[in-house]
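Single-structure report; data block below.
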Amino acid sequence: MITLAFELVLVLLVASLLAFWNGWGLARLLLPAVVSPWRALLTPILGYVLTILVGYWVVRFIGGLGWALGLIALLSGWFNWLAWRRYGPPQIITAIRHHWPGLVVAGIAVAFGVAPLLSYGYAAPIGGGWDIENYWPTARYLVRGPVSAIATAPPNPLRDINADPPRIGLTLGFSIWQGSVDLVSGSEPLVSFAPLLAWLRALGVVGIYVLLQAVFTMRRGPAAFAALLAALNGLLLWTSYFNFGMQLAAWPLLPLVLTLGLATVRADTERWAAQSFVGRVAHYCAAAISLAAVPVAYYPALGPLGLMAVGIGVVGLGQTRDRWRLIKRALVLVLLTLVLAAPTIPDYFAGFNYRYSLPLTTLVSFVLYH
């Protein structure tokens, strides 16, 4: 039990520190002023986003996750240095005092996510999901080399299953994050898998806590209670226990994209005009990076995001006279996102669209003929 507790704490600690290191400078330099009160909570989500997005480009075209983490460390170190020089060191104690309700809720989410392991007394997958034969080997292969090198690895059944991730409908976001944490912590996929699912679920709960305050103007107490309900949601917990890594990889991105996207597109005209050109580009980049990470994590997550964006957009257009301003900003955001997520487009048509169209075809056939 002591060994298990140490392994769990190590994985969760390394994941958190890696996300904070990769996201602190971005959060200080790129986020709009309207979300600045929650900058500390958005930092690890942005760090996670940067890791899977840059990691995807590297493993897709250059090499393994060692190369990716080296490049990310240089980028993050540069951003962190700029932020430290401009704004000073991180105010960790102040952030903890101000945001403790959200942190407590995140801790509860993690506790529920790893509770079965404490009952088992050893590291293992939770539940009866079967996707571990994709996530574990892919994470290990990406540590060793790019996606293209999987097919040339020593022969074994797991290599053959995962040699072409798009063909089997596997997005790489979760495997990139798991492989990165394993590489830094020295853990094995068996050990890190369940804790990282719990960590991602908690990260999404933090995003909801911020979204409810920044976008829906809820006070801290009600927002924390709503986030707690999300942390205890049975369906979300089932998703975690049954090993749905792709879905949970996209979970923290949903509230982040809504928060940053709306803050950028709906920014007050006077405040936007007062921004320098560099400041405007920074806000667009923060939102676009977050949105571009969604197809890296899980393509279908774009569906609910699109529906929510359309609904909010229709309401926003009906409430403003300067509709063209909102449309232009939304178009700029979409175009920048397409550039950052460009390789995910051919990957989608290389197999993911076909595999995920089969359930829809079956459903339509059932409705028409029964």
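- To the nearest 0.5 Å, the span separating CZ on F349 from CD1 on I345 amounts to 8.0 Å.
- For Y56 and F61, the gap between ring centers reaches or exceeds 6.0 Å.
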How far apart are the C-alpha atoms of R159 and Y141, what are their side-chain angles, what is the distance that settles it, and do they pass the side chain to side chain contact (heavy atoms under 4.5 Å, CB included) test? CA-CA 9 Å; R159 182 208 67 175; Y141 280 131; 3.0 Å; yes

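- With values rounded to the nearest 0.5 angstrom, T259 atom OG1 is found 11.0 Å from L41 atom CG.
- A distance-only check finds a donor-acceptor pair linking the side chain of R220 to the backbone of H98 [under 3.5 Å].
- The side-chain heavy atoms of T171 and P165, taken from C-beta on, include no pair separated by under 4.5 Å.
- Between L142 and the options L183, V58, D182, V147, a side chain to side chain contact (heavy atoms under 4.5 Å, CB included) holds for only V147.
- At a threshold of 4.5 Å between non-hydrogen side-chain atoms, the residues T138 and L172 count as touching.
- Atom CD1 of I45 is separated from atom CH2 of W38 by 13.5 Å, given to the nearest 0.5 angstrom.
- Without hydrogens or angle criteria, N162 side chain to D160 main chain gives no donor-acceptor distance under 3.5 Å.
- Separation of atoms CH2 (W251) and CZ (R201) is listed at 9.5 Å; rounding is to 0.5 Å.
- Donor-acceptor pairing under 3.5 Å is lacking for the side chains of N243 and D131.
- A donor-acceptor pair shorter than 3.5 Å can be found between the side chains of T51 and N22.
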Carefully, step by step, assess L31 and L46 under the rule side chain to side chain contact (heavy atoms under 4.5 Å, CB included). CA-CA 10 Å; L31 291 185; L46 280 174; 3.7 Å; yes

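- For the atom pair CD1 (I312) and CG (L258), the distance works out to 5.5 Å, reported to the nearest 0.5 Å.
- Looking at Y348 and T344, their side chains never come closer than 4.5 Å, going by heavy atoms from C-beta outward.
- When atom types are taken as modelled, the side chain of E7 and the backbone of A123 share no donor-acceptor pair closer than 3.5 angstrom.
- In this structure, the side chains of P252 and L200 come closer than 4.5 Å at one or more pairs of heavy atoms.
- The environment of CH2 in W67 is sparse: at most 12 heavy-atom neighbours from other residues, nucleotides or ligands sit within 6.0 Å.
- Taking the side chain as every heavy atom from C-beta outward, L260 and L291 never approach each other to under 4.5 Å.
- The backbone N or O of L340 sits less than 3.5 Å from a side-chain atom of W57, completing a donor-acceptor pair.
- Proximity of F79 to W24: side-chain heavy atoms (C-beta onward) are nowhere separated by under 4.5 Å.
- Atom-to-atom distance recorded for L212:CG and R219:CZ is 13.5 Å, nearest 0.5 angstrom.
- Under 4.0 Å is where a charged nitrogen must lie from a carboxylate oxygen, and between D347 and R60 at least one such pair does.
- Residues Y209 and V105 are not in side-chain contact: their nearest non-hydrogen atoms beyond the backbone lie 4.5 Å or more apart.
- Contact of the V143 side chain with the S180 side chain is not registered, since no non-hydrogen atoms from C-beta on lie closer than 4.5 Å.
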Stepwise side chain to side chain contact (heavy atoms under 4.5 Å, CB included) check, Y135 with M246: CA-CA 9 Å; Y135 297 126; M246 290 188 294; 3.4 Å; yes

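- Checking each of F174, W177, F20 against Y48 for a ring pair (Phe, Tyr, Trp, His ring centres under 6.0 Å) leaves exactly one that passes, namely W177.
- Judged by distance alone, with hydrogens and angles left aside, the side-chain atoms of Y284 form no donor-acceptor pair with the main-chain N or O of T264 at under 3.5 Å.
- Formation of a donor-acceptor pair under 3.5 Å by the Q213 side chain with backbone atoms of L211 is not found in this model.
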Pairs under 3.5 angstrom only: tabulate donor-acceptor contacts from the side chains of residues 224-241 to other protein residues two or more places apart or in another chain.
| from | atom 1 | to | atom 2 | distance (Å) |
| --- | --- | --- | --- | --- |
| N233 | OD1 | L235 | N | 3.0 |
| N233 | OD1 | L236 | N | 2.8 |
| T239 | OG1 | L235 | O | 2.9 |
| Y241 | OH | F112 | O | 2.6 |

